[in-house]
Amino acid sequence: GWFGLSEENIIFFEQEMIPCLSLDGKVIMDSKFSIARAPGGNGDLYRSMGNEGVLQDMLKKGVRSVHCYCVDNILNKVPDPLFIGCCLDRQSDCGAKVVSK
C-alpha cells in the first residue's frame, strides 16, 4: 500500500491555496463574500513543503537529492536516471530539462 516503500518514507501534504486573480490583477470572487482560491502551482511547491514540515523531515532522513517535475510536462520521463545522474555527477544545485515550443 505504500508504492513499494516503507510507510515512514511516504508523506502526503496539501499544497497551499492562494487567491485567484484575473488577467488585469483583480481578485476573482466565488460568491459575494468568498474569494476564489486555487493551489499555488509548481512555483509554490517548495514553500508548501517547508510549511508542512516535509523539507525538515527530508533533512532529518539525510535526503540529498529530489527529482520534481511539472504535472503538465508530458515529455518528462519519471524518473529520468540519465538526467538525475548527470546532475549528481556535475554536483549541480539544480537541473532543468526543457524543450523548445
Side-chain heavy atoms of [X] within contact of [Y], under 4.5 Å:
| X | Y | result |
| --- | --- | --- |
| E52 | Q15 | no |
| V27 | L21 | yes |
| L88 | S65 | yes |

Which heavy atom of [X] sits nearest a heavy atom of [Y], and at what distance?
| X | Y | answer |
| --- | --- | --- |
| L45 | C68 | CD2-SG, 4.1 Å |
| F3 | I10 | CD1-CD1, 3.9 Å |
| P19 | I35 | CB-CG2, 3.9 Å |
| F13 | S48 | CE1-CB, 4.0 Å |

Can you get from Y46 to V66 by hopping between Ile, Leu, Val, Met, Phe, Trp and Tyr side chains that sit under 4.5 Å apart?
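Linked within one cluster.
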[atom1]/[X] to [atom2]/[Y] distance, rounded to the nearest 0.5 angstrom?
| X | Y | atom1 | atom2 | result |
| --- | --- | --- | --- | --- |
| E14 | N51 | CD | CG | 13.0 Å |
| C87 | D93 | SG | CG | 10.5 Å |
| D57 | N9 | CG | CG | 8.5 Å |
| K61 | Q56 | NZ | CD | 12.5 Å |

Is it true that atom CG of L5 has more than 12 heavy atoms of other residues, nucleotides or ligands lying nearer than 6.0 Å?
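Yes, the 6.0 Å shell around CG holds more than 12 heavy atoms from other groups.
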Step through the shown structure and confirm whether more than 12 heavy atoms of other residues, nucleotides or ligands are within 6.0 Å of CG on D24.
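Correct, the count exceeds 12.
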Side-chain donor or acceptor of E16 paired with backbone N/O of D44 under 3.5 Å:
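No, the answer is negative, given that no donor and acceptor are paired below the 3.5 Å cut-off.
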Whether R37 side chain and M17 backbone form a donor-acceptor pair below 3.5 Å
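Confirmed, R37 side chain pairs with M17 backbone.
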